[in-house]
Structures are given as C-alpha cells and as structure tokens.
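Owing to the predicted nature of the structure, the values given are computational and were not obtained by experimental measurement.
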Amino acid sequence: QVQLVESGGGLVQPGGSLRLSCTASGFFSIHYMAWHRQAPGNERELVATIFKNGSSTYTDDVKGRFAISRDNAKSMVLLEMNSLEPEDTATYYCYVRGVPLRQTMVPQYDFWGQGTQVTVSS
C-alpha cells in the first residue's frame, strides 16, 4: 500500500525558515518527487520537482529561497524553505510519480500526501 507521510509544517515569522519532509513507501520505483502548494481560494501550484538523477526545477516565486533534495535510499524528499514570506502561506503537498508495488486494476502513477500547513505571519 502506497503511503506518503509528510511533516515539518508550522507557523513561522516572515524571513524565517522551515523544512518539510516526505517519506514514501509502497513503491516499486519512483520517477520523480515534488512539492505543490495550495493557498485558500487558489489553485494548487507546483513549487519544486526533483528527479531520480538529482536534477531539480523550481517555480520562479521560490527560486533562490527554497531548495529541494532527495534521499533515494530512504525514498524521502525534503524542501528547505528560507526567507519565507506571507505569500508562501499555504498547504504544502508531497507528490510522487511512480510505480506502486501493488498496481490497481486501473493503473495509477500519481500519488499525493495528506498536506501540511505552512503559515508565515508576524
């Protein structure tokens, strides 16, 4: 059974830092991992992606402030968030594109965590 367990959200002052982590289990293989976020009233947006070879991409809003990393052996993805701004307030979701150990009748390759709240406020 696929599980994505997230941790690390919370309340932080503007300019502060947080680190999010997500541990994946139940996969035969993982192609890439990512973090998305969704603020109230907004659509979910991609924040950062990291591929199996370690290459990564970021949305323009977080470039230079956020860093995504991956531990392939632990099937873990981290998001280091620095210089946080009130506009970063959102629920952050871990995403995995991969092949589960037990595939469903209708093949599924996209998996989401439950979300963790990040609030940036003074």
Solution key, residues 10-31 side-chain donor-acceptor pairs under 3.5 Å, sequence neighbours excluded:
{"from": "Ser17", "atom 1": "OG", "to": "Asn82", "atom 2": "OD1", "distance (Å)": "2.9"}
{"from": "Ser21", "atom 1": "OG", "to": "Ser7", "atom 2": "OG", "distance (Å)": "2.7"}

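In terms of the side-chain contact (heavy atoms from CB on, under 4.5 Å) criterion, Pro40 has no residue partners (sequence neighbours excluded). Annotation: ring-ring contact (aromatic ring centres under 6.0 Å, His included) contacts of Tyr109 (sequence neighbours excluded): none. Here Asn42 pairs with Ala39 under the side-chain contact (heavy atoms from CB on, under 4.5 Å) rule; sequence neighbours left out. Every side-chain contact (heavy atoms from CB on, under 4.5 Å) that Asp110 has, sequence neighbours left out, goes to Tyr95, Arg97.
Side-chain atoms of Thr59 and Leu46, non-hydrogen and from C-beta on, never get closer than 4.5 Å to each other. The side-chain heavy atoms of Thr49 and Ser56, taken from C-beta on, include no pair separated by under 4.5 Å. Considering only heavy atoms from C-beta on, Ile68 comes within 4.5 Å of Trp35 through its side chain. Looking at Glu45 and His36, their side chains never come closer than 4.5 Å, going by heavy atoms from C-beta outward. Considering only heavy atoms from C-beta on, Val120 stays 4.5 Å or farther from Glu87 through its side chain. Here the side chains of Phe111 and Pro100 are in contact, with some heavy-atom distance below 4.5 Å.
Counting only residues at least two apart or on different chains, no ring-ring contact (aromatic ring centres under 6.0 Å, His included) pair has a member in residues 62-90.
Here Arg70 contributes atom CZ and Tyr32 contributes atom OH; the two are 11.0 Å apart, rounded to the nearest 0.5 Å. In this structure, the separation between OG on Ser75 and CG on Leu4 is 10.0 Å, given to the nearest 0.5 Å.
When all heavy atoms of Met33 and Val96 are compared, the closest pair comes out as CE-CG2, 3.8 Å. Listed here is the closest heavy atom pair of Tyr58 and Ala67: OH-CA, 3.3 Å. Considering all non-hydrogen atoms of both residues, Leu79 and Ala48 come closest at CD1-CB, 4.3 Å. The minimum heavy-atom distance between Val5 and Gln114, with the atom names listed, is CA-OE1, 4.4 Å. Of all the heavy atoms in Asp61 and Arg65, the pair that sits closest is O-NH2, 3.0 Å.
Judged by the 6.0 Å distance and 45° axis criteria, Arg44 is positioned over the aromatic ring of Tyr93.
With hydrogens and angles ignored, the 3.5 Å screen pairs no side-chain donor or acceptor of Thr116 with any backbone N or O of Tyr92.
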For the pair Val62 and Arg37, evaluate side chain to side chain contact (heavy atoms under 4.5 Å, CB included) and give the outcome as yes or no after the intermediate values.
-> CA-CA 12 Å; Val62 307; Arg37 66 184 179 186; 4.0 Å; yes

